[in-house]
Amino acid sequence: MAAILASQGCYCHNIDLINQGRDMDNLSFSSSISSFERKTCNPTLTNKEFRFHVEARQTESPSRVGTNGRSVKMVPASEVVKRNNPPNGKVNKMVNGTKQVINVAGLAKKNSTSALVKALKGKGSNELPPVEELKVLPSDESFSWANENYNSWQRIIDVWSFVLSLQIRILFDNAKWAYLGGFSEDKQKNRRRKTASWLRESVLQLGPTFIKLGQLSSTRSDLFPREFVDELAKLQDRVPAFSPEKARHFIKNELGAPIEQLFKTFEDRPIAAASLGQVHRAILHNGEKVVVKVQRPGLKRLFDIDLRNLKLIAEYFQRSETFGGPTRDWIGIYDECATILYQEIDYINEGKNADRFRRDFRNIKWVRVPLVFWDYTATKVLTLEYVPGVKINELKALDLQGYNRSQIASRAIEAYLIQILKTGFFHADPHPGNLAVDLDEALIYYDFGMMGEIKSFTRERLLDLFYAVYEKDAKKVIQRLIDLEALQPTGDMSSVRRSVQFFLDNLLSQSPDQQQTLAAIGEDLFAIAQDQPFRFPSTFTFVIRAFSTLEGIGNILDPDFSFVKVAAPYAQELLDLKQQQQSGTQLVEQIRKQADDARSSTMSMPSRVQRIEEFVKQLEAGDLKLRVRVLEVIIS
Ligand SMILES: Nc1ncnc2c1ncn2[C@@H]1O[C@H](COP(=O)(O)OP(=O)(O)OP(=O)(O)O)[C@@H](O)[C@H]1O
């Protein structure tokens, strides 16, 4: 084993050494940094420079080759933050205008992957690749919410005038007398569409909190009319960006160092802007290509004001007939949304989610999750490995690369089934913007702000529900739904039972050629649920929405795509599991019960009497209707 000890007097030399790593594939590096006074080299750098202590060892096997066929190397990522840190590991940071001492050492310690990070070197170039069709994003300057000194009273007025206008519009849309020339369903649909488009514009004007809520609402066909849901889904791609000056200033405050010290290159124009933040590309001083997700400045303050108002709005909706009043749990919906929103602006949480998601898929080579650079991450700035790819719905680009679209479609569904059925930790927002395809056709996931979790006992119950659906037993299905708290057990469940039986008989019993899409089944489910005591927890609606989105993507990618085909082995595995569980004590118990029932029925009453008793039970439950011909009426 060869050991080379190299001390370099200049930072840039070390980067070169790392970049030349491609010639030394069978060497592994470990490095340490010590500071010393700079005498030569690049005058633009600070007076303090670093001495890299680079140790190279020959490894027994050649360096690792990435799952996409590109070789990977290990490089240090923490040097630049260290540059800024005093020996006690604390730095002065400006947080909300006040100077605070932040313990960066503690932050760095949180992550074991930070010291050594993988770098893809197959791309060769030290530059960021050009981004095709870099969109010029609209600026946020004309929006009052983007002003950091936005007055909270002004905000209250803006928000409440929006709510009252919405109420008036909905009242008019629903009032038959308000239609000149007479009411018709088509006219009403037209009006609703106009209100929906007004709603989208107003939400955009009201800014991040409402945009995010609008996006969340677009997953809730169980709560809102179709026209609203469709319109709100468009919010996904129309969000204004903030200026690069704001972004740079914000990063400096959050990470405690100016951009030039943190990054070798930082692109001013964001590659994406979303409701809560925007994404810039950058290169670290060690050559690593990264993306920096920067939260909108002033967002937490805006959230605090908005959520106070939204709570009042939820209480108002709860009392108002126009918004469904007591039949909807608006307060519960508010609580769920508030939790999701606050979680989404905590980028430390998002980073941890990414780490967990990556761990869950560590053995599946065709799923890729960008690494988190914890040394360059704080609550409002998240730095990730740059993993570019072709977005999963960009058909032309996929074809140009010669990718196998049908395989990509299957992988998208399969990855999701693994999350729901096996790991229990799932991406709650798999829209096409958050899924891309890498060079080796692996799926790349972005955006881990909104993740769902299915705890193991819930998964058990879901399995029971799945089995009851498989058996087409409406009673059991209802009981399982109650166990899952998706259905409130009210006194008379007969209408629910009829709906469930209808669902089981009609929707799930079709031959393969008349199979409905998942999206349609989901819609029917929500429609059935509308006047019933169902209360789908958001986890459910996210899962249903995610599957129908992915099914839609599958259909676009491959005309012969079949969800059932991809899901079949997973369903079979679940059924086997359930049957194994049943083969034990449960099965013995079940057989004994059936034998007892049979014995007591045959002994106690003849079969016709038994049949009559069944009819009476069905009548009592409201599952049968009796048609009675009144003889006198016929005779007269
Ligand atoms: N690690 C990465 N490598 C390459 N591109 C990335 C990476 N992370 C994000 N992007 C790009 O930035 C876009 C937005 O990222 P992300 O979804 O994480 O931001 P967001 O603010 O949460 O947006 P939204 O809420 O709309 O999903 C992605 O669609 C992707 O194009």
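Ligands are counted one by one from 1 in listed order, and the atoms in each one are counted from 1 as well.
The heavy atom nearest to atom 18 (O) of ligand 1, out of those in Lys212, Lys293, Arg281, is found in Lys293. Of the candidates Tyr446, Tyr445, Tyr347, the one placing a heavy atom closest to atom 2 (C) of ligand 1 is Tyr446.
The shortest heavy-atom distance from His431 to ligand 1 is under 4.0 Å. A heavy-atom separation below 4.0 Å is found between Lys391 and ligand 1. Contact annotation: Leu276 has no heavy atom less than 4.0 Å from any atom of ligand 1.
Taking any N or O of Ala274, backbone or side chain, none lies under 3.5 Å from an N or O belonging to ligand 1. Among the atoms of Asp447, some N or O lies under 3.5 angstrom from an N or O of ligand 1. Polar contact with ligand 1: absent for Asp429 (N/O pair, distance under 3.5 Å).
Counting heavy atoms from C-beta on, the side chains of Met451 and Lys352 never come closer than 4.5 Å. Counting only heavy atoms from C-beta outward, the side chains of Phe373 and Leu384 never approach each other to under 4.5 Å.
Within ligand 1, counting atoms from 1 as listed, the ones closer than 4.0 Å to a heavy atom of Gly433 are 28 (C), 29 (O). With ligand atoms numbered from 1 in the order given, ligand 1 contributes 12 (O), 14 (C), 15 (O) to contacts under 4.0 Å with heavy atoms of Val279. Ligand 1 places these atoms under 4.0 Å from at least one heavy atom of Tyr386: 3 (N), 4 (C). Counting the atoms of ligand 1 from 1 in the order shown, those under 4.0 Å from a heavy atom of Ala272 are 12 (O), 13 (C), 14 (C). Here is the list of ligand 1 atoms found below 4.0 Å of a heavy atom in Pro370: 1 (N).
Here the CG atom belonging to Leu382 is positioned 8.5 Å from the CD1 atom belonging to Ile348, to the nearest 0.5 angstrom. One finds the OH atom of Tyr446 at 4.0 Å from the CD1 atom of Ile444 (value rounded to the nearest 0.5 Å). In this structure, CG in Leu128 is found 4.5 Å from CZ in Arg281, a value given to the nearest 0.5 Å. We find the CD1-CZ distance between Ile392 and Arg411 to be 11.0 Å, quoted to the nearest 0.5 Å. Separation of atoms CG (Leu310) and CD1 (Ile333) is listed at 12.5 Å; rounding is to 0.5 Å.
Under the 30°/60° scheme for interplanar angles, the aromatic rings of Phe448 and Phe357 are found to be tilted. Using cut-offs of 30° and 60° for the angle between ring planes, the His427 and Tyr445 rings count as tilted.
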From CA spacing to verdict: side-chain hydrogen bond (donor to acceptor under 3.5 Å, both in side chains), Asp355, Trp374: CA-CA 11 Å; Asp355 279 349; Trp374 283 104; 3.0 Å; yes
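Under 4.0 angstrom from ligand 1, the non-hydrogen atoms of Val291 all belong to its side chain. Proximity of Asn434 to ligand 1, defined as any heavy-atom pair under 4.0 Å, is confined to the side chain (atoms from C-beta onward).
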